[in-house]
Amino acid sequence: MKAVVVGAGIAGLVAARQLGLAGWDVEVLEKSGAPRPDGYMMDFFGPGVEAAERIGLYPRLAAVSYHVEAAEYVDATGRPTSSIDYDQFARLAGGKVLSLL
């Protein structure tokens, strides 16, 4: 079987991986010419963590994740407008939150 996966974000890459493991011939299409130079942070919790555990990726993701203490949102002038305490967030999310750059 052949599949075309559109988008090399986390959902596209996981779909491509799982299809490839199932024996499919997979091609991933991505409009961006390269990764973002500054990257971006992704948080896995709830269903994302459950999916990572089911497909065997959780140990590797946990090994390369960052411990984030807080995230702060600022306005155009740099003034903080709100924040999230990640330890509290992790407790509310069942104890497992992975932050990946």
Side-chain angles (χ1 to χ4, degrees):
M1 298 287 294
K2 292 185 177 188
V4 175
V5 175
V6 179
I10 189 65
L13 294 176
V14 169
R17 177 185 183 271
Q18 292 304 107
L19 288 167
L21 289 173
W24 288 53
D25 179 19
V26 182
E27 184 169 349
V28 178
L29 303 178
E30 172 57 51
K31 71 178 178 177
S32 178
R36 295 177 185 170
D38 295 330
Y40 57 95
M41 187 70 72
M42 290 187 294
D43 291 323
F44 282 78
F45 58 95
V49 165
E50 291 169 14
E53 289 174 326
R54 273 196 313 273
I55 63 175
L57 287 178
Y58 185 85
R60 179 67 179 133
L61 294 177
V64 298
S65 70
Y66 292 87
H67 177 73
V68 177
E69 293 180 14
E72 189 171 74
Y73 297 89
V74 298
D75 64 18
T77 66
R79 186 178 62 85
T81 58
S82 63
S83 65
I84 297 172
D85 177 315
Y86 265 59
D87 288 333
Q88 182 179 8
F89 175 54
R91 284 191 300 278
L92 294 171
K96 292 185 179 178
V97 175
L98 298 176
S99 298
L100 304 166
L101 183 59

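Just so it is clear, the values below take in all heavy atoms, side chains as well, and ignore hydrogens, waters and symmetry mates.
- Across every non-hydrogen atom of Leu98 and Ala62, the tightest pair is CD2-CA, 3.7 Å.
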| Test log, rule ring-ring contact (aromatic ring centres under 6.0 Å, His included), inputs Phe44 and Tyr58 | CA-CA 10 Å; Phe44 282 78; Tyr58 185 85; 9.2 Å; no
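- Side-chain atoms of Ile55 and Gln18, non-hydrogen and from C-beta on, do get closer than 4.5 Å to each other.
- In Glu69, the CD atom is not crowded: 12 or fewer heavy atoms of neighbouring residues, nucleotides or ligands sit closer than 6.0 Å.
- The heavy-atom pair separating Thr77 from Asp75 by the smallest distance is OG1-OD1, 2.6 Å.
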| Val5/Leu29 under side-chain contact (heavy atoms from CB on, under 4.5 Å): CA gap, chis, key distance, verdict | CA-CA 6 Å; Val5 175; Leu29 303 178; over 6 Å; no
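- At a threshold of 4.5 Å between non-hydrogen side-chain atoms, the residues Leu100 and Val64 count as touching.
- Looking only at side-chain heavy atoms (C-beta outward), Glu30 and Leu13 stay at 4.5 Å or farther from each other.
- Here the closest non-hydrogen pair linking Leu101 and Met41 is N-SD, 3.9 Å.
- Across Ala71 and Tyr86, no two heavy atoms sit closer than the pair CB-CE1, 3.7 Å.
- Within the 4.5 Å cutoff, the side chain of Glu27 has no heavy atoms near those of the Lys2 side chain.
- Closest approach of Gly7 to Val28, counting heavy atoms only: O-CG1, 3.9 Å.
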| task | Carefully, step by step, assess Lys96 and Glu53 under the rule side-chain contact (heavy atoms from CB on, under 4.5 Å). | result | CA-CA 11 Å; Lys96 292 185 179 178; Glu53 289 174 326; 2.4 Å; yes
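- In summary, the side chains of Ser99 and Asp43 do present a donor paired with an acceptor at a separation below 3.5 Å, with no hydrogens or angles considered.
- Closest approach of Val97 to Ala90, counting heavy atoms only: CG2-CA, 3.5 Å.
- Under the 4.5 Å side-chain contact rule for hydrophobic residues, Val14 and Leu61 share a cluster.
- In this structure the side chain of Glu72 never reaches within 4.5 angstrom of the side chain of Thr81, judged on heavy atoms.
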| query | Between Leu57 and Arg17, does a side-chain contact (heavy atoms from CB on, under 4.5 Å) hold up when you go through it step by step? | reply | CA-CA 11 Å; Leu57 287 178; Arg17 177 185 183 271; 3.9 Å; yes
| Between Met1 and Val26, does a side-chain contact (heavy atoms from CB on, under 4.5 Å) hold up when you go through it step by step? | CA-CA 9 Å; Met1 298 287 294; Val26 182; over 6 Å; no
